[in-house]
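When a ligand or atom number is given, it counts from 1 through the structure's own listing order.
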Amino acid sequence: MAVESKVNRQATCSAPVNIAVIKYWGKRDEKLILPTNSSLSATLDQADLKTTTSVALSSEFDSDRLWLNGKEESITNPRLQNVLQKIRSLASERAQTDEEKAVLDAHVHIVSVNNFPTAAGLASSASGYACMVYTLAQVYGVTDYELSKIARVGSGSACRSMYGGWVAWNMGTRDDGDDSFAEQTHLADHWPGMKILILVVSDRKKGTSSTSGMGTSVRTSELLQHRITEVVPKRMAAIKEAIEARDFAQFGEITMRDSNQFHAVCLDTYPPIFYMNDTSKAVVQMVTQYNTMKGEVKAAYTFDAGPNAVIYAMEDAMAEIASLTSHFFPSTTPDTFFRGTTTAPPAPSAELL
Ligand code: DP6
């Protein structure tokens with residue numbers, strides 16, 4: 001008599017946010033999420049901004065279900081479906097035992113929680129998809145695959161949160177995306193004392209999503225074409241050298257110039273997109289004046305698709321920047337508060353709890 005195999009597997013993992021210093025902005029393939037330029041970031045420490053995801057896989061479940069930050073959401077999101085399909089097809093290639101085959105018929109329940117505001121330009125999709133892919137890979141037994149390629153089809157920047165320390169997403173040239181994945185360039189402890197400060201200027205959901213904003217930029221911005229062909233390839237090489245040499249002045253200048261150019265591309269987009277607000281601009285001025293006073297670049301700002309500021313600095317300079325910040329942007333100001341500092345972590349960042 002054949003005994004039907006039952007499946008009950010579960011895992012809980014967490015993955016941190018990453019902050020790009022060379023920005024990803026533009027896709028050459030919207031479904032596979034293939035970028036128009038390479039990018040580079042540092043992954044934050046597990047103790048700071050992160051997503052925690054639990055996945056349960058069971059023959060008892062009637063359907064796949066998803067809960068985000070305590071609320072049930074539709075599982076039909078096409079990006080999420082692409083991720084699930086890819087993981088399941090890898091599991092099907094590997095299935096040998098009855099239990100492994102039964103896994104393919106079982107349904108998943110996914111529960112994901114961020115410890116920071118979602119979709120406020122704080123890279124929630126990056127840690128969210130990185131964590132989901134990593135946790136799904138545990139329960140489906142497909143951890144031998146280069147998982148950053150799957151995280152990438154969830155959200156481009158998510159592929160960089162699959163590793164700790166300094167991480168490059170090499171854009172690749174293939175149409176199938178097989179050479180478009182993340183790799184760690186340096187361990188976090190390569191550059192001891194590096195700190196990242198996140199100033200939450202606003203925790204409201206952003207007006208123009210990265211996905212739609214970069215689509216409009218690709219169609220309309222001439223500056224973006226110049227950035228793709230002339231600027232980013234040189235900057236990728238230069239920032240890797242600066243990190244390798246632990247040269248903060250070089251690193252900081254490239255970081256600020258890249259953030260400036262990304263926001264210039266947004267302004268060059270038609271119709272234009274504004275992510276930085278007056279508070280963001282005041283942070284730029286504060287950092288610029290601090291560097292002028294010091295006579296060299298000791299702190300570097302960078303802004304993603306939202307008004308929140310991120311400042312990179314070495315520990316000693318960061319202590320001064322933090323007190324300047326609380327002086328100029330006191331936490332009593334309604335939409336400006338101090339979030340905390342963090343160091344970049346050792347790899348891998350998505351650890352199994
Ligand atoms: C400005 O990764 O959120 O933060 O691939 O469409 O999901 P999708 O976009 P997303 O874009 C992030 C853009 C950025 C720069 C960066 O993180 O490199």
Checking contacts here: is it the side chain or the backbone of [X] that comes within 4.0 Å of ligand 1, counting heavy atoms only? Could be both or neither.
| X | value |
| --- | --- |
| S155 | both |
| S210 | side chain |
| R79 | side chain |
| N18 | neither |

Would you say [X] has any N or O atom under 3.5 Å from an N or O of ligand 1, going by distance alone?
| X | answer |
| --- | --- |
| T211 | yes |
| S39 | no |
| G156 | yes |

Looking at [X], which atoms of ligand 1 are within less than 4.0 Å of one of its heavy atoms?
| X | answer |
| --- | --- |
| A20 | 16 (C), 17 (O), 18 (O) |
| M214 | 9 (O), 11 (O) |
| A305 | 1 (C) |
| K27 | 5 (O), 6 (O), 8 (P) |
| S125 | 3 (O) |
| F262 | 1 (C) |

Donor-acceptor contact present, side-chain [X] to main-chain [Y], <3.5 Å:
| X | Y | value |
| --- | --- | --- |
| S59 | V7 | yes |
| D64 | V108 | yes |
| S112 | L68 | no |
| S54 | T12 | no |

Would you say S39 and R160 are linked by a side-chain donor-acceptor pair, where the criterion is simply a distance under 3.5 Å? yes

The residue among R227, K23, K234 that forms salt bridge (charged side-chain N to carboxylate O under 4.0 Å, His left out) with D258 is R227

Ion pair check, E99 and R9, cut-off under 4.0 Å: yes

Between S217 and W25, which heavy-atom pair has the shortest distance, and what is it? OG-NE1, 2.9 Å

Take atom CD of E222 as the centre, draw a 6.0 Å sphere, and report whether it contains more than 12 heavy atoms from other residues, nucleotides or ligands. no

